[in-house]
Amino acid sequence: MPIEKNFNAAEAEQRIFAKWEAEDRFKAGANAKPGADSYCIVIPPPNVTGSLHMGHAFNNTLQDLLTRWRRMQGQDVLWQPGTDHAGIATQMVVERKLAEEGNISRREMGREAFLKRVWEWKEESGGTIMEQLRRLGASCDYSRERFTMDEGLSHAVLKVFVQLYNDGLIYRDKRLVNWDPHFETAISDLEVEQRDVQGKMWHFRYPLADGATYEYVEKDADGNETLRETRDYVTVATTRPETMLGDTGVAVHPDDERYKSIVGKDVILPLVGRRIPVVADEYPDPEQGSGAVKMTPAHDFNDFAVGKRQNLRMINIFDTTAHLKLKDEADFVEDVPASADLDEVLALDGLERFEGRKQVLAMMEARGLLDHIEDNPHTIPYGDRSGVVIEPYLTDQWFVDAETLAKPALAHVRNDDTSFVPKNWEKTYFHWLENIEPWCVSRQLWWGHQIPVWYGPDGEVFCEATAGEAAASAEKHYGKPVDLERDPDVLDTWFSSALWPFSTLGWPDDDAALKRYYPTSVLSTGFDIIFFWVARMMMFGLHFMKDQEGEPLVPFDTVYIHALVRDENGQKMSKSKGNVIDPLEIVDEYGADALRFTLTSMAAMGRDLKLATSRVEGYRNFGTKIWNAARFAEMNECAPVAGFDPNAVNETVNKWIVGETARVRESVDAALEAFRFNDAAAALYAHIWGVYCDWYLEFSKPLLQGDDGPAKDETRATAAWALDQCLIMLHPIMPFITEELWLVLSEDRAQPLIHTDWPAYTAAGMADAEADAQMDWLVKAIEAVRSVRAEMNVPPGAKIPLLVVEADETAKARLAGGDALLRRLARIASIDAAAEAPKGAVTLALEGATLCLPLADVIDIAAEKARLEKALGKVQKEIGGLEKKLANENFLAKAPEAVVAEQRERLTASQAEAEKLSAAAARIAELG
RNA sequence: GGGCGCGUAGCUCAGUGGGAGAGCACUACGUUGACAUCGUAGGGGUCGCUGGUUCAAUCCCAGCCGCGCCCACCA
């Protein structure tokens with residue numbers, strides 16, 4: 001059946017993919033050779049918050065490329081797929097959806113009913129994601145799909161939590177955390193994003209208690225007094241005026257002479273009337289602001305630390321939504337005398353924090369306690385999901401002792417058990433782990449793994465994997481059965497992600513896949529989640545996975561860090577900016593292969609990868625090119641020949657394409673081994689389009705269209721073989737069109753392409769130097785003739801004679817061998833020897849020969865003169881450079897011999913060319 | 001405040017201590033039986049600036065200019 005005129009990507013992709021899947025081509029170990037090495041990639045699980053974006057398409061293309069390549073090599077391959085529950089993000093999506101649908105809120109609905117809705121959403125979204133992966137051609141083992149909240153993975157989470165608790169690496173602590181007032185939950189440092197704002201700094205006066213005064217003296221750098229006055233107040237500065245309601249002290253540096261006399265005294269907190277101490281602490285910087293700092297230990301990380309050192313009270317003034325909460329807080333009015341001001345302050349109860357700020361400022365100003373205001377650019381923390389200002393908030397939370405776990409994670413990258421590609425990302429990784437803070441893992445959310453902790457009546461903690469075990473443990477503790485209450489919080493979504501490389505492989509219940517595939521081979525991900533995910537997988541993997549000797553095992557050999565996909569203008573794609581390119585829209589328009597090739601060929605770029613559809617179009621055309629090459633092969637009966645031996649061909653063109661094929665195979669493998677995906681794509685593009693189609697197929701035409709015989713048979717077989725090799729090597733990048741052609745081109749394939757063996761031949765074993773030289777020479781000759789024809793405006797269809805003026809033996813042989821090809825591809829009517837170039841002929845300087853085209857009747861003398869002068873100028877410039885270099889004794893003495901010899905050769909060749917060009921120029925001059 | 005990265009053709013970007021590259025865009029010509037989603041030929045770059053190392057620098061080093069990102073508790 002003849003090949004269709006065009007490749008119908010939409011139809012073929014679905015059909016081919018369905019067939020692969022039905023035949024179990026993606027299963028773990030499919031196509032593995034006996035005793036093969038294992039090769040495993042765990043997919044970075046997409047969030048079940050919606051659909052895949054271009055970044056997913058990019059990363060999964062690369063993973064699929066590696067997976068298909070290794071599978072064809074016969075390795076025991078597993079690409080493990082799955083999705084992530086993405087706690088806060090998914091809860092947010094479902095809550096928003098409920099609101100849009102006019103439903104009752106999460107709280108009204110209750111935990112159980114709400115979770116049911118989230119699960120419904122998950123089923124839908126998770127299914128969509130897997131379908132999208134299929135559309136891209138991702139050859140993961142879908143039968144092993146996992147979800148972070150699956151039973152097995154949840155079991156792993158519980159086991160890890162309990163063990164870390166028992167190891168003392170998870171603990172509960174009351175401390176300041178980053179609190180998201182929108183979601184009303186704690187979040188980790190990583191989920192906070194600092195934004196620059198043009199803010200203000202307000203300077204307040206806090207009066208000293210008991211009418212005390214002091215001499216306030218300021219000095220300049222030379223110690224000269226610049227100000228001296230008696231003060232009954234101390235000035236403090238703040239960017240957050242409303243927090244003054246929670247102040248419990250004023251701190252000054254112990255060496256700050258200005259304030260030495262008031263250390264130990266008290267000030268009266270304005271508005272509230274609370275009596276708070278002036279303390280000396282290393283924290284305040286005398287150079288900054290007034291040198292005195294108001295302390296709000298319950299709402300500022302620095303103040304919290306000072307407060308702990310100085311035993312300051314911690315007064316919380318906000319509720320969980322960051323509204324002022326003063327009235328019901330016993331400690332807010334503790335020891336504070338009743339006053340009109342206090343009543344006014346208490347009336348602020350329930351105000352949103354920024355409204356509260358306005359009111360506090362107004363009150364301070366009205367009382368003359370606002371000293372001055374200055375502009376102060378600074379950064380403010382925002383929740384990365386909610387986009388609201390984060391509030392440092394004093395709560396009980398669960399923390400992971402990250403510092404302890406970080407040590408092995410650092411060591412095993414330092415010793416290259418795990419390597420980053422590119423290597424420089426290791427620096428980023430080290431820096432973060434070396435300065436790591438405790439990881440707050442509890443979240444006041446509903447969607448996620450509920451913390452396996454139960455509390456007894458007296459608050460005693462029972463950390464067990466199940467309620468039953470907790471009850472048993474409690475009974476043992478109390479000597480009788482008691483009612484336990486489970487911790488309502490869930491874990492940070494990254495907690496379960498951190499287990500992904502081993503939880504998906506069956507740990508802790510089934511270790512078959514774990515034994516086979518752990519440590520995994522490659523993790524491919526973006527640099528934006530090195531901290532969130534990669535570092536934490538390293539920490540947990542090393543803590544929980546051990547080899548038979550009990551030595552820790554890293555989760556992966558290589559971490560490949562890819563760039564982030566942006567739009568044409570370099571902007572990060574986001575829904576709010578409206579610049580999101582949906583990968584499936586591209587797939588619909590150009591086919592998955594074109595998108596995949598585009599993404600692959602852009603993989604080497606630094607941190608940004610700017611996607612333009614013009615490139616996708618170009619690579620779609622590349623697919624068409626191969627398609628047409630296959631049609632040509634079929635039309636000329638170039639069918640694969642069983643037992644074909646590429647080393648046994650006789651025709652020069654065939655020897656040449658065999659060598660070219662071997663060279664590209666080496667390039668592609670070397671590129672993929674080094675994760676230089678774009679190099680692999682570029683090598684294939686250049687080979688298939690620039691070598692196989694542009695030259696080899698053209699060279700083969702005279703043979704294929706000539707008389708039957710051994711040469712024709714050989715060329716048919718070689719053309720088919722070389723095309724097959726192109727399909728094989730291109731398959732990991734463009735799986736669909738290659739598979740389609742593979743099956744269409746021959747009816748008796750041993751295997752579909754996806755399970756066809758990857759070649760291992762080498763140029764050293766297959767290339768023929770003489771054939772290469774012959775063909776290179778011929779290509780140059782054809783190009784030279786074509787160039788002249790175009791510049792002299794010879795009609796494209798016109799056949800012109802060619803005269804060989806002088807030629808050495810090698811050139812003569814090459815000319816004889818390439819006679820038919822030269823005639824055909826350069827449109828030459830005749831090739832004859834001549835003693836000298838006729839008047840008005842154009843001469844071509846080639847290695848070992850001077851060819852000339854007698855174009856006297858068509859020639860534009862001025863144009864030819866210009867052409868020769870230009871060429872001559874170029875050559876002479878090069879000669880000048882080379883002569884200068886070769887005259888330099890230092891160069892001759894110090895440069896490697898090979899380099900010197902090479903330069904000499906180049907000089908000789910250039911001089912020969914210049915001579916020929918000069919002679920030609922002289923002849924033209926005679927005419928003019 | 002620390003750290004990282006980038007500046008090469010009109011655009012997007014590869015690349016290398018010794019002859020400047022690709023894709024797209026552009027120009028001219030072309031219905032040669034695979035392909036106009038194409039073919040042939042061509043134009044276009046002081047490889048950010050300055051200095052240093054070297055026989056030799058677009059490449060290595062230093063400084064500068066411009067741009068981007070990450071980390072960081074400065075009130």
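B/G3 and B/A9 are spaced 33 Å apart, taking the C1' atom of each and rounding to whole Å. Taking atom C1' on both B/U58 and B/C6, the two are 15 Å apart, rounded to the nearest angstrom. Going from the C1' atom of B/C29 to that of B/C11 covers 26 Å, rounded to whole Å. Here the separation of B/C61 from B/G17, taken at their P atoms, is 12 Å to the nearest Å.
In this structure, A/His687 atom NE2 and B/G23 atom C1' are separated by 19 Å, rounded to whole Å. Counting to the nearest Å, the C1' atom of B/C13 and the CG atom of A/Leu564 are 17 Å from each other. Between A/Glu783 atom CD and B/G42 atom P the separation is 8 Å, expressed in whole Å. Nucleotide B/A41 holds its P atom 11 Å from the CD atom of A/Glu791, rounded to whole Å. We find that OH of A/Tyr429 is positioned 18 Å from C1' of B/G3, with the value rounded to whole Å. Nucleotide B/U37 holds its P atom 11 Å from the CG atom of A/Asn628, rounded to whole Å. Going from atom CZ of A/Arg827 over to atom P of B/G39 covers 17 Å, rounded to whole Å. Whole-Å rounding puts the A/Glu897 CD to B/G18 P distance at 19 Å.
Taking the side chain of A/Asp694 as heavy atoms from C-beta on, and the options B/G39, B/C55, B/C74, the nearest nucleotide is B/G39. Across B/G23, B/C71, B/G18, the shortest atom-to-atom separation from the side chain of A/Tyr685 is found for B/G23. Closest to the side chain of A/Ala895, out of B/G18, B/C74, B/G19, is B/G18. Set against B/G18, B/C38, B/A75, the side chain of A/Pro284 has B/A75 as its closest nucleotide. Listed candidates were B/C38, B/G15, B/G18. Nearest to the side chain of A/Gln903 is B/G18. Side-chain proximity of A/Asn424 to the nucleotides B/G15, B/G5, B/C73 is greatest for B/G5. Ranking B/G42, B/U40, B/A14 by closeness to the A/Ser787 side chain, first place goes to B/G42. Comparing atom distances between the A/Ala629 side chain and each of B/C24, B/C71, B/A34 picks out B/A34 as nearest. The side chain of A/Lys701 sits closest to B/A34 out of B/A14, B/G30, B/A34. The listed nucleotides are B/C74, B/G23, B/C35; the one nearest the side chain of A/Arg631 is B/C35.
No hydrogens or angles were tested; on distance alone, a donor-acceptor pair under 3.5 Å links the side chain of A/Glu698 to the base of B/A34. With hydrogens and angles ignored, no donor-acceptor pair closer than 3.5 Å exists between the side chain of A/Arg786 and the base of B/U40.
Using a 4.0 Å heavy-atom cutoff across all strands shown, A/Lys884 reaches no nucleic acid atom at all. Using a 4.0 Å heavy-atom cutoff across all strands shown, A/Glu889 reaches no nucleic acid atom at all. Heavy atoms of A/Gly618 sit nowhere under 4.0 angstrom from any nucleic acid atom. The residue A/Pro795 sits apart from the nucleic acid: no heavy atom pair falls under 4.0 Å. Residue contacts for A/Asn888: at a heavy-atom cut-off of 4.0 Å it reaches the sugar-phosphate backbone alone, with no base atom in range.
Screening A/Phe527, A/Phe430, A/Phe531 for a ring-ring contact (aromatic ring centres under 6.0 Å, His included) with A/Trp425, the sole residue that qualifies is A/Phe527. With A/Lys294 as the partner, the side chain to side chain donor-acceptor pair (under 3.5 Å) test is satisfied by one option alone out of A/Asp300, A/Asp303, A/Thr248, A/Thr243: A/Thr243.
The shortest distance between the side-chain N/O atoms of A/Trp689 and the OP1/OP2 oxygens of B/A34 is not below 4.0 Å. Within the structure, a side-chain polar atom (N or O) of A/Asn621 is placed less than 4.0 Å from OP1 or OP2 of B/C38. Contact check, A/Lys5 against B/A34: no side-chain N or O comes under 4.0 Å of OP1 or OP2. Side-chain N/O atoms of A/Arg615 include none lying less than 4.0 angstrom from OP1 or OP2 on B/C13. OP1 or OP2 of B/C4 has at least one side-chain nitrogen or oxygen of A/Lys427 nearer than 4.0 Å. For B/U37, the OP1/OP2 oxygens have no side-chain nitrogen or oxygen of A/Arg620 closer than 4.0 Å.
Between A/Arg676 and A/Ala633, the residue whose closest nucleotide on RNA chain B is further toward the 5' end is A/Arg676.
Between A/Phe622 and A/Trp689, the ring planes are parallel. Angles under 30° get that label, and only those over 60° would be called perpendicular. Aromatic ring pairs are classed by plane angle as parallel below 30°, tilted from 30° to 60° and perpendicular above 60°; the pair A/His203 and A/His372 is parallel.
In a base pair of the Watson-Crick type (N1 to N3 plus N6-O4 or O6-N4) or a G-U wobble (N1-O2 and O6-N3), with each distance short of 3.5 Å, B/C69 is matched with B/G3. B/U40 is paired with B/A28 under the Watson-Crick or G-U wobble criterion, all donor-acceptor distances under 3.5 Å. Remark: B/U16 base-pairs with no nucleotide; criterion is Watson-Crick or G-U wobble with both hydrogen-bond distances under 3.5 Å.
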side-chain contact (heavy atoms from CB on, under 4.5 Å), that's the test. Do A/Phe204 and A/Asp247 meet it? Break it down for me. CA-CA 12 Å; A/Phe204 289 160; A/Asp247 280 4; over 6 Å; no
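Remark: A/Arg620 is not positioned above the aromatic ring of A/Tyr590, lacking an NZ or CZ atom under 6.0 angstrom from the ring centre and at most 45 degrees off the axis.
With respect to A/Lys712 and A/Glu637, no salt bridge is recorded, no charged nitrogen being found less than 4.0 Å from a carboxylate O.
When every heavy atom of A/Ala292 is checked against every heavy atom of A/Val250, the shortest pair comes out as CB-CG1, 4.1 Å.
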